[in-house]
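For this chain, numbers begin at 1 and follow the sequence in order. Values reported hereafter were calculated over all heavy atoms of this structure, with side chains retained and with hydrogens, waters and symmetry mates removed.
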Amino acid sequence: MSDPGAASGGGVRGGHATAGVAAMAVANVILGMSSLYWHALADVEPTTLLGYRVLVSLVTLVAALALLGRVRAALETAADARLLTVHLTAAVLVSANWLTFIWGSIHGRVIETGLGYLIAPAVTIAMGVLVMRERLGALRGASLALCLLGVALLVLRSSELQWWVYVTIGVTWGLYSFLKKFTTADPVTGLTLETAVLAVGTVVAVAATPYSLAPGPTADGWDITLLAVCGLVSVTPLWLISYGSKKVTLAVAGFLQYLLPTTQFVVAVTFYGQRPSGNTVVCFAIVWLSLASLVAASLLRARRTAHGPQRHTAAPAGEKREQNQL
């Protein structure tokens, strides 16, 4: 199978592609800034916040389905074994991503969460190579190798960072973004299925384990107010990404993900006061540039495929003779 970006690039109409780009751009900026929201809820345990994020998001999504008249469609999608498997896997990935992101936001590890989202496009494109049989090519192979080198140097030399944070976020978000290309469900329905799966797990955990949704003794009225809107904070960017991923190629989607780590880096330095080491800054630049070249190569390849040389039909013999006589 051909390059993911090339495979889908030719079928994406200009207006739809523009809407997809705008949706994913806004989503990534919201996600980048959302660390500040979760940091404001630092009095609540991260696992408890995850439970509220799941349950309140489900209420928000079900209300959206009812308003859009898609409840029946959601039930039909849930009855499809293949689609249910896709969204079950996506639910596992996004729950791990959410929990790690919340933990990092509360504990001041925003550079790490940003690095994770910087690595994610490489995971998305690598899955295009492994699963969709995309030809890697020399430039793309060198770019991926350079990205891996940057990550290795981060793990080995940037001791001020929690390496497991950016590795977990990078892998889970990259796989989640890739997996969304395999569903035919509309964005709201897909997100509802994933959140419903997580909600069932949350209810079971509350009933059968010591896990609790109690906000804690230090939580106040402001915390409760923030918890009440966590559904909108969580669902809005994910819905925009689900919508946008169907309108743009994998290459474009990977490129737009750079907005999130860039926003995170600004938030980490400006609001959290994190000070990255020299090695971290160099590695950040290595990974950023390697992935920028990788995504750019995908875009150029998709454009060449979509606007390849035209084949000209041979002129009739009589016409050729007339042309030769001119």
Side-chain angles (χ1 to χ4, degrees), residues 23-24 26-28 30-35 37-38 46-62 64-65 74 77-78 83-106 112-121 123-124 127 164-205 211 230-246 250 253-254 256-257 260-261 264:
M24 296 192 75
V26 172
N28 281 287
I30 292 174
L31 284 170
M33 296 293 295
S34 65
S35 289
Y37 168 82
W38 296 109
T47 51
T48 301
L49 289 175
L50 178 62
Y52 276 101
R53 185 172 191 175
V54 168
L55 295 176
V56 180
S57 295
L58 180 59
V59 173
T60 305
L61 286 165
V62 170
L65 282 180
T77 302
L83 288 179
L84 188 60
T85 301
V86 169
H87 289 287
L88 175 61
T89 307
V92 173
L93 291 170
V94 80
S95 64
N97 184 274
W98 280 357
L99 182 58
T100 307
F101 183 79
I102 290 171
W103 187 93
S105 298
I106 290 176
E112 288 92 323
T113 58
L115 282 170
Y117 289 114
L118 182 63
I119 296 167
V123 177
T124 302
M127 290 302 294
W164 65 270
V165 175
Y166 54 81
V167 169
T168 300
I169 286 182
V171 171
T172 55
W173 195 250
L175 291 177
Y176 180 82
S177 298
F178 176 75
L179 197 61
K180 299 301 285 188
K181 300 295 277 190
F182 293 91
T183 178
T184 57
D186 65 84
V188 177
T189 300
L191 285 175
T192 303
L193 286 177
E194 294 158 15
T195 310
V197 169
L198 296 176
V200 171
T202 301
V203 172
V204 170
Y211 175 72
C230 69
L232 291 176
V233 174
S234 302
V235 168
T236 301
L238 288 178
W239 181 86
L240 289 171
I241 287 173
S242 295
Y243 171 83
S245 66
K246 291 182 174 295
L250 280 175
L256 286 169
Q257 289 184 55
L260 199 164
Q264 286 267 278

Chemist: Which atom pair, heavy atoms only, marks the closest approach of Ser177 to Thr124?
Modeler: CB-OG1, 3.9 Å
Chemist: Nearest 0.5 angstrom please: Thr113 OG1 to Trp38 CH2, how far?
Modeler: 13.5 Å
Chemist: How many angstroms lie between atom CD of Glu194 and atom OG1 of Thr89, to the nearest 0.5 angstrom?
Modeler: 9.5 Å
Chemist: Quick check: closest heavy atoms across Thr172 and Ala96, and the distance to 0.1 Å?
Modeler: CG2-CB, 4.0 Å
Chemist: Is there a side-chain contact between Leu58 and Val54 (heavy atoms, below 4.5 Å)?
Modeler: no
Chemist: Please round to the nearest 0.5 Å and tell me the distance separating atom NZ of Lys180 and atom CG of Leu93.
Modeler: 10.5 Å
Chemist: Quick one: list whatever passes ring-ring contact (aromatic ring centres under 6.0 Å, His included) with Tyr37, sequence neighbours left out.
Modeler: none
Chemist: Is Trp173 close to Leu31 at the side-chain level, that is, under 4.5 Å between some pair of heavy atoms?
Modeler: yes
Chemist: Can you find a pair of side-chain heavy atoms, one from Phe178 and one from Val123, that are under 4.5 Å apart?
Modeler: no
Chemist: Heavy atoms, side chains only, cut-off 4.5 Å: are Thr47 and Leu99 in contact?
Modeler: yes
Chemist: Which atom pair, heavy atoms only, marks the closest approach of Ala199 to Leu55?
Modeler: CB-CD2, 3.9 Å
Chemist: Starting at OG1 of Thr202, measure out to OH of Tyr211 and round the result to the nearest 0.5 Å.
Modeler: 5.5 Å
Chemist: Report yes if the side chains of His87 and Thr183 come closer than 4.5 Å at any heavy-atom pair, otherwise no.
Modeler: yes
Chemist: Using the test ring-ring contact (aromatic ring centres under 6.0 Å, His included), find all partners of Trp98 that sit at least two apart in sequence or belong to another chain.
Modeler: none
Chemist: What is the distance from atom CD1 of Ile30 to atom OG of Ser234, rounded to the nearest 0.5 Å?
Modeler: 11.5 Å
Chemist: Applying side-chain contact (heavy atoms from CB on, under 4.5 Å) to Leu118 and Tyr166, what does each step give before you reach the verdict?
Modeler: CA-CA 9 Å; Leu118 182 63; Tyr166 54 81; over 6 Å; no
Chemist: If you compare all heavy atoms of Val56 against all heavy atoms of Cys230, which two are closest, and at what distance to 0.1 Å?
Modeler: CB-SG, 3.7 Å
Chemist: What's the verdict on side-chain contact (heavy atoms from CB on, under 4.5 Å) for Leu83 and Leu193, showing C-alpha distance, side-chain angles and the deciding distance?
Modeler: CA-CA 10 Å; Leu83 288 179; Leu193 286 177; 5.6 Å; no
Chemist: What class does the angle between the rings of Phe101 and Tyr117 fall in, given that below 30° is parallel, 30 to 60° is tilted and above 60° is perpendicular?
Modeler: perpendicular
Chemist: Return the set of residues passing side chain to side chain donor-acceptor pair (under 3.5 Å) with Thr192 (not counting sequence neighbours), or none when no residue passes.
Modeler: none
Chemist: Apply the test side-chain contact (heavy atoms from CB on, under 4.5 Å) to residues Ile169 and Val165: give CA-CA distance (whole Å), side-chain angles for both, the deciding distance (0.1 Å), then the verdict.
Modeler: CA-CA 6 Å; Ile169 286 182; Val165 175; 4.2 Å; yes
Chemist: Do you know which two heavy atoms are closest between Thr77 and Ala185, and how far apart they sit?
Modeler: CG2-CB, 3.9 Å
Chemist: Look up atom CG in Leu49 and atom CD1 in Ile106, then write down how far apart they are to the nearest 0.5 Å.
Modeler: 5.0 Å
Chemist: What pair of heavy atoms forms the shortest contact from Thr195 to Leu191, and how long is it?
Modeler: OG1-O, 2.7 Å
